[in-house]
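All values derive from a computational prediction rather than experimental measurement. We name chains A, B, ... by the order of the sequence lines, and we start the count at 1 in each one. No hydrogens, no waters, no symmetry mates; every other heavy atom, side chains included, goes into these values.
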Amino acid sequence: MKRHIVALLADALEQLKRDGKLPVDADPEIQVERARDRAHGDYAANTAMMLAKVARKPPRELAEAIRAALPPSPDVASVEVAGPGFLNFILTPAARLASIRRAVDEGADYGRGKPGSLGSALVEFVSANPTGPLHVGHGRGAAFGDALANLLEAAGWCVHREYYVNDAGRQMDILALSLWLRYLQAAGEMVPFPEKGYRGEYLIEHARELLSREPRRFIRPAADLADGLSADEPEAYLDALVGRARDALGADDYRAVLDFALDAILDDIRDDLEAFSVSFHNYFSERDLADRIEPAIQRLTDAGHTYKADGALWFRASAFGDDKDRVLRRENGVTTYFAADVAYHLDKLERGFDALVDVWGSDHHGYVPRLRAALTALGADPKRLEVHLVQFAILYRGGEKLPMSTRAGEFVTLRELRDEVGKDAARFFYAMRRAEQHLDFDLDLAKSQSADNPVYYVQYAHARIYSVFRQLGERGLTHDTARGAENLHLLETEHEEAVIDLIGRYPEIVEGAAAAREPHQIAQYLRELAAAFHTYYKAVPFIVDHPALRDARLTLITALRRVVANGLAILGVSAPERM
RNA sequence: GCCCCGGUAGCUCAGCAGGAUAGAGCAGCCGCCUCCUAAGCGGCAGGUCGCAGGUUCGAAUCCUGCCCGGGGCACCA
């Protein structure tokens with residue numbers, strides 16, 4: 001409809017140019033938007049005000065001229081000039097009601113774009129290091145990433161969801177060491193636990209599990225494990241302990257411990273995400289990248305963008321907009337995380353996605369320029385990579401800021417949040433806010449307010465509609481959908497106008513939210529829609545004696561129920577039939 | 001020091017590819033269940049949109065500077 005009105009305006013401007021009332025080179029971008037106020041009609045255009053200067057005419061006079069030049073349309077009932085020179089379009093009732101029929105007929109597809117019509121996107125999100133359970137910061141990334149993926153899919157993208165598993169490198173060694181030490185402790189050995197190890201309770205539990213499966217296999221004399229090591233340099237101390245653990249266990253058993261720890265934690269993360277209604281097509285292992293890192297580095301070298309200095313191999317990132325150059329291969333020959341990430345994104349590009357959508361924690365923002373630089377250096381269009389930064393929630397409990405450290409094991413887990421406020425409330429709560437918005441997350445408040453959470457408000461609208469139909473059955477009546485569809489013109493209270501208007505907007509909301517990559521627009525819209533419904537519900541009885549009017553109202557709330565369900569599905573929130 | 005994000009009602013936040021009177025929820029106050037779920041509805045009150053300039057017919061929205069808050073600036077991942 002919006003495009004239709006733009007086309008009408010374009011025709012009118014051409015007509016005015018032919019009549020010499022407008023300079024031929026006047027070629028404004030025609031902006032049509034939904035009127036914010038229903039008194040301003042359905043759609044509004046500011047075209048006359050934008051053209052007033054070049055046309056050297058007062059905006060209202062110009063608006064009048066455009067109005068007169070508009071070709072007739074079966075969908076437009078009238079056009080008014082208003083305010084400083086707006087053109088307000090009022091649709092015919094039939095045009096306005098068309099969306100109600102579509103919502104009923106198309107059901108779950110209402111508001112969705114043609115599948116794949118916008119291209120293909122790889123959405124990478126969460127990608128939390130597999131060293132411990134997900135915490136509430138990851139929860140925000142999961143909720144945002146999943147909603148964004150759903151949203152893009154709804155708008156017409158073909159979406160692939162991926163979780164990048166950092167299962168290589170030093171942190172895995174520290175994890176293996178930490179698990180092994182807990183295992184020895186569980187077996188009754190007196191071994192000290194390093195300050196910088198992963199201290200979380202979860203590892204103690206995983207260690208007990210390992211001990212019950214393998215009561216003897218990983219036992220080693222460990223009393224002297226730390227002998228002669230200085231703990232003054234905690235990180236170096238940790239690395240030394242890792243070395244001794246590897247020696248004590250031997251390569252095979254060391255690897256077995258590491259894999260056990262990794263599998264246990266990844267399984268836990270997967271279960272957690274599933275319960276959070278988040279799923280992935282693929283968990284991409286950093287280890288599987290092993291043989292692709294050197295070729296990626298080679299490609300950068302072949303293109304002349306690397307050099308050696310201080311014994312390391314550097315990427316000339318500063319030539320592509322980054323602050324400084326970045327190391328690809330360290331002095332000790334080990335490639336960096338960055339090198340792996342370049343290989344990973346090169347792999348994504350080679351898989352042929354039109355858009356690489358990365359959802360990262362905002363603490364990684366300094367990392368964006370170097371990755372973009374690398375892709376540019378490799379000859380890719382840097383615009384294919386878009387990175388969305390999600391601010392971590394800063395947690396407060398009892399007015400105190402909570403420390404968040406995976407290694408120290410001090411964090412509120414996503415699971416705890418879910419147990420406390422429920423999956424739907426947590427998902428909606430996260431989805432309501434813009435991702436880059438800082439979030440003071442007062443746990444006491446969030447938990448105490450759970451009954452006031454707007455998610456219930458929206459879900460209740462859905463459940464209430466089901467309730468109306470249950471009531472209908474109890475009164476021995478049925479909904480004649482054909483009669484309802486034929487009698488939508490009977491819906492003329494102001495409350496019905498408002499609901500019809502909002503349902504008609506839904507496809508535009510999806511399109512706009514997807515284009516802006518802002519799932520929170522869906523949440524905002526749903527609150528508005530639910531509010532319009534609850535007001536309508538209170539003011540107007542649906543189950544009335546007049547059959548045609550009754551069926552028309554039931555058709556309208558059926559359409560509304562569909563839109564609520566479709567919108568909630570994008571946010572990963574359930575649409576209950578009763579509450 | 002440099003970079004990113006934010007500063008809108010008492011609180012938490014929408015609104016920001018400029019547009020017609022700045023919105024919502026919560027908290028506060030006043031009302032509403034012989035009526036399809038009161039997890040609801042109606043109403044009242046609450047704002048120099050951080051500050052100062054600039055661009056524009058028009059600025060919460062764009063530009064510049066400053067102030068305040070958060071985060072980031074690794075041969076960690």
Taking only the [atom1] atom of each, what is the distance from [N] to [M] in whole angstrom?
N      : M      : atom1 : answer
C26(B) : C68(B) : P     : 35 Å
C49(B) : G6(B)  : C1'   : 14 Å
G69(B) : U12(B) : C1'   : 16 Å
C51(B) : G7(B)  : C1'   : 11 Å
G43(B) : G71(B) : C1'   : 43 Å
G10(B) : A45(B) : P     : 15 Å
G23(B) : G46(B) : P     : 14 Å
A60(B) : A22(B) : P     : 9 Å

Measure up the His462(A) and Tyr466(A) rings against each other and bin them: parallel (under 30°), tilted (30 to 60°), perpendicular (over 60°).
->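 It falls in the tilted class, 30° to 60°.
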
Can you say whether the rings of Phe320(A) and His305(A) are parallel (under 30°), tilted (30 to 60°) or perpendicular (over 60°)?
->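 Perpendicular.
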
Go through residues 529-537 of chain A and report each residue with a non-hydrogen atom lying under 4.0 Å from RNA chain B, sorted by number.
->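 Only His534(A), Thr535(A), Tyr537(A) qualify.
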
Checking only heavy atoms, does the side chain of Asn46(A) share a donor-acceptor pair with the base of G19(B) at less than 3.5 Å?
-> yes

Under 3.5 Å, side chain of [X] to main-chain N/O of [Y], donor-acceptor pair present?
X         : Y         : answer
His546(A) : Leu549(A) : yes
Gln459(A) : Ser574(A) : yes
Glu496(A) : Thr493(A) : yes
His495(A) : Lys538(A) : no
Gln524(A) : Met432(A) : yes
Trp360(A) : Val387(A) : no
Asn129(A) : Asn166(A) : no

How is [X] classified with respect to the nucleic acid when contacts are heavy atoms under 4.0 Å: base, sugar-phosphate, or nothing?
X         : value
Asp323(A) : nothing
Val390(A) : nothing
Ala35(A)  : nothing
Ala168(A) : sugar-phosphate
Pro541(A) : base

Grab the [atom1]-[atom2] distance between [X] and [N] for me, whole Å please.
X         : N      : atom1 : atom2 : answer
Arg60(A)  : A20(B) : CZ    : P     : 16 Å
His495(A) : G42(B) : NE2   : C1'   : 10 Å
Gln471(A) : C35(B) : CD    : C1'   : 10 Å
Phe429(A) : A24(B) : CZ    : P     : 20 Å
Trp314(A) : C75(B) : CH2   : C1'   : 7 Å
Leu87(A)  : A20(B) : CG    : P     : 16 Å
Leu526(A) : A14(B) : CG    : P     : 16 Å

Assign each of Ala539(A) and Pro84(A) to its nearest nucleotide of RNA chain B by heavy atoms, then name whichever residue's nucleotide is nearer the 5' end.
->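 Result of the comparison: Pro84(A).
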
Which residue, Tyr367(A) or Ser362(A), contacts RNA chain B at a nucleotide closer to its 5' end, judged by nearest heavy atom?
-> Ser362(A)

Give the nucleotide from the list [options] with an atom nearest to the side chain of [X].
X         : options                : result
Arg475(A) : C36(B), G19(B), C13(B) : C36(B)
Glu518(A) : G15(B), U37(B), A74(B) : G15(B)
Phe86(A)  : G25(B), A20(B), G72(B) : A20(B)
Ala312(A) : C36(B), A39(B), C75(B) : C75(B)
Ala82(A)  : G72(B), A20(B), A14(B) : A20(B)
Gln524(A) : G71(B), C75(B), A14(B) : A14(B)
Lys538(A) : A20(B), C13(B), G40(B) : G40(B)
Asn88(A)  : C36(B), G19(B), A20(B) : A20(B)
Asn129(A) : C75(B), A39(B), A77(B) : A77(B)

State whether Tyr537(A) and Arg464(A) meet the cation-pi test: NZ (Lys) or CZ (Arg) under 6.0 Å from the six-membered ring centroid, and within 45° of the perpendicular axis.
-> yes

Validate the cation-pi geometry between Arg287(A) and Phe284(A): distance from NZ or CZ to the six-membered ring centre under 6.0 Å, angle to the ring axis within 45°.
->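 Checked: cation-pi criterion not met.
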
Just do the salt bridge (charged side-chain N to carboxylate O under 4.0 Å, His left out) check on Glu235(A) and Arg170(A) with the steps written out, would you?
-> CA-CA 11 Å; Glu235(A) 299 292 346; Arg170(A) 180 170 177 261; 2.7 Å; yes

Protein-nucleotides 4-10 of chain B N/O pairs closer than 3.5 Å?
{"unit_1": "C4(B)", "atom_1": "O4'", "unit_2": "His365(A)", "atom_2": "NE2", "d": "3.3"}
{"unit_1": "C5(B)", "atom_1": "O2'", "unit_2": "Glu436(A)", "atom_2": "O", "d": "2.6"}
{"unit_1": "C5(B)", "atom_1": "O2", "unit_2": "His438(A)", "atom_2": "NE2", "d": "2.6"}
{"unit_1": "G6(B)", "atom_1": "OP1", "unit_2": "Arg434(A)", "atom_2": "NH2", "d": "2.9"}

Given the 90°-from-0 boundary between syn and anti, C33(B) should be labelled syn

Look at Arg470(A) and U37(B) and indicate whether a side-chain polar atom (N or O) is within less than 4.0 Å of OP1 or OP2.
->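 Looking at the OP1 and OP2 atoms of U37(B), neither is under 4.0 Å from any side-chain N or O of Arg470(A).
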
Is there a side-chain polar atom (N or O) of Tyr457(A) under 4.0 Å from OP1 or OP2 of C26(B)?
->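 No, because none of the side-chain N or O atoms of Tyr457(A) sits under 4.0 Å from OP1 or OP2 of C26(B).
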
Any salt bridge between Arg67(A) and Glu61(A), counting N to O under 4.0 Å?
->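 Glu61(A) and Arg67(A): not salt-bridged.
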
Determine, using ring centers only, whether His479(A) and Phe469(A) are less than 6.0 Å apart.
->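 For Phe469(A) and His479(A), the ring centres are under 6.0 Å apart.
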
State yes or no: are the ring centers of Phe125(A) and His388(A) separated by less than 6.0 Å?
->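 No, the ring centres sit 6.0 Å or more apart.
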
Could you say whether the aromatic ring of His364(A) and the base of G72(B) stack, counting only centre distances under 5.5 Å and plane angles under 30°?
-> no

Under a cut-off of 3.5 Å for both distances of each Watson-Crick or G-U pair, what dot-bracket string does RNA chain B give, using [ ] for crossing pairs and | for inter-strand pairs?
-> ((((((((.[[[[.)...(...]]]].(((((.......))))).....[[[[[..)....]]]]])))))))....

